[in-house]
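In what follows, chains are A, B, ... by sequence order, proteins preceding strands, each numbered from 1.
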There are 2 protein chains.
Amino acid sequence: MTSTLPHNILSFVHYLLSQHLKSGDYVADCTAGNGNDTLFLAQRVGQTGCVWAFDIQEMAIHNTRQRLNNADLLAPVQLILDGHQNIDQYIHQPLDAVMFNLGYLPQSDKTCTTTANHSVLAMKKSLNLLRPNGLLTVVLYGGHSTGSDECLAVEALARQCKQQQVDILRYQFANRPKSAPYALIFRKISDEIVFS
Amino acid sequence: MTSTLPHNILSFVHYLLSQHLKSGDYVADCTAGNGNDTLFLAQRVGQTGCVWAFDIQEMAIHNTRQRLNNADLLAPVQLILDGHQNIDQYIHQPLDAVMFNLGYLPQSDKTCTTTANHSVLAMKKSLNLLRPNGLLTVVLYGGHSTGSDECLAVEALARQCKQQQVDILRYQFANRPKSAPYALIFRKISDEIVFS
């Protein structure tokens, strides 16, 4: 056997994106948090690519900057202290991938979470920004009440996407509690997406 | 972007297994059918590996043999005209992967399907035969009544597997009808599995 399937959902999303992204790609991290995904994306796209990373918390932007700096990977990243629902104010290029990791900032204020309305709006705008064959990944946490509402809203958005325009795969552990994190991977097929 | 995520569940299972298997591996196709998966497995493990392929229908074994013959890949394959629930009578080596593609033989008698009891028994025996880190893949079709019973039985089996002993990921399109095919990928973690 040559490789190992990852044990957790976020690693699985990284595993899929690793095979999808290449140097020079344009990508967005819509939930910078502590910079885990931003760093991963910067490593994949390198100095010739670009990563736009959004967060509404100064602490998150600070932590992400420090993490990128330590890895000498600040150059390809634009850190943006604003909500991801405003993504279209900052990005006007077609994107190869967009990542969302919903919920609250780890080791921080658990009442400051992403919200269903903003997340869904940001995802719709991101789907429009993606180039055909581009991926939008979202990791969802149903374990807290805001998270559970957000799961419902994102699942409703998924059902609004026509299968001719977007493939949407759900990745979920079948032998863990229903509240365990899971992922949806949107792959844009057509140039334009109409939300029905 | 370097690669494309497949559009259908079976291609996605092949995509994951392609990164998992190597020359010389030992694998089983528990539902040979028309030989699609058997041929795929034979290509991956090559002349130094071994594929055991099971089917209860002579037509399936015939079609699979012909397909392998055309590709000059008969050598690593043992074709077995027997139910997959008897897998432990034929295989005594640790396996790297086992594939199940449930339902009926395409272009054939739709009343001759795999059944919940036999499939679950075969899957339990296969999980015991897998080496740690080995994969069991199963593609499920809930669109016909036997298939729907089988989905329930396989999901019940999944819930019986402790998460310390087996990782089980569900791959499912989020914007297709509930009856659309989906996959479960079991990855064995511990040496022994106790079905609770």
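When the heavy atoms of residues 164-186 of chain A are compared with those of chain B, the residues falling under 4.5 Å are A/V166, A/D167, A/I168, A/L169, A/R170, A/Y171, A/Q172, A/F173, A/A174, A/N175, A/R176, A/P177, A/L184, A/I185, listed by number.
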Report, one line per pair, each donor and acceptor closer than 3.5 Å where one atom sits in a side chain of residues 74-85 of chain A; sequence neighbours left out.
unit_1: A/D82; atom_1: OD1; unit_2: A/N86; atom_2: ND2; d: 2.9
unit_1: A/D82; atom_1: OD2; unit_2: A/N86; atom_2: ND2; d: 3.3
unit_1: A/D82; atom_1: OD2; unit_2: A/Y90; atom_2: OH; d: 2.7
unit_1: A/H84; atom_1: ND1; unit_2: A/C30; atom_2: O; d: 2.9

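For A/K124, there are no salt bridge (Lys or Arg N to Asp or Glu O under 4.0 Å) partners at least two apart in sequence or on another chain. With sequence neighbours excluded, no residue satisfies salt bridge (Lys or Arg N to Asp or Glu O under 4.0 Å) with A/D149.
Per-residue counts of heavy-atom pairs under 4.5 Å with chain B were compared for A/Q163, A/R44, A/R159; the largest is that of A/Q163.
Annotation: B/H118, atom NE2; neighbour count of heavy atoms from other residues, nucleotides and ligands within 6.0 Å does not exceed 12. In this structure, B/N117 places its CG atom where only 12 or fewer heavy-atom neighbours from other residues, nucleotides or ligands lie under 6.0 Å away. Within a 6.0 Å sphere centred on CD of B/E192, heavy atoms belonging to other residues, nucleotides or ligands number 12 at most.
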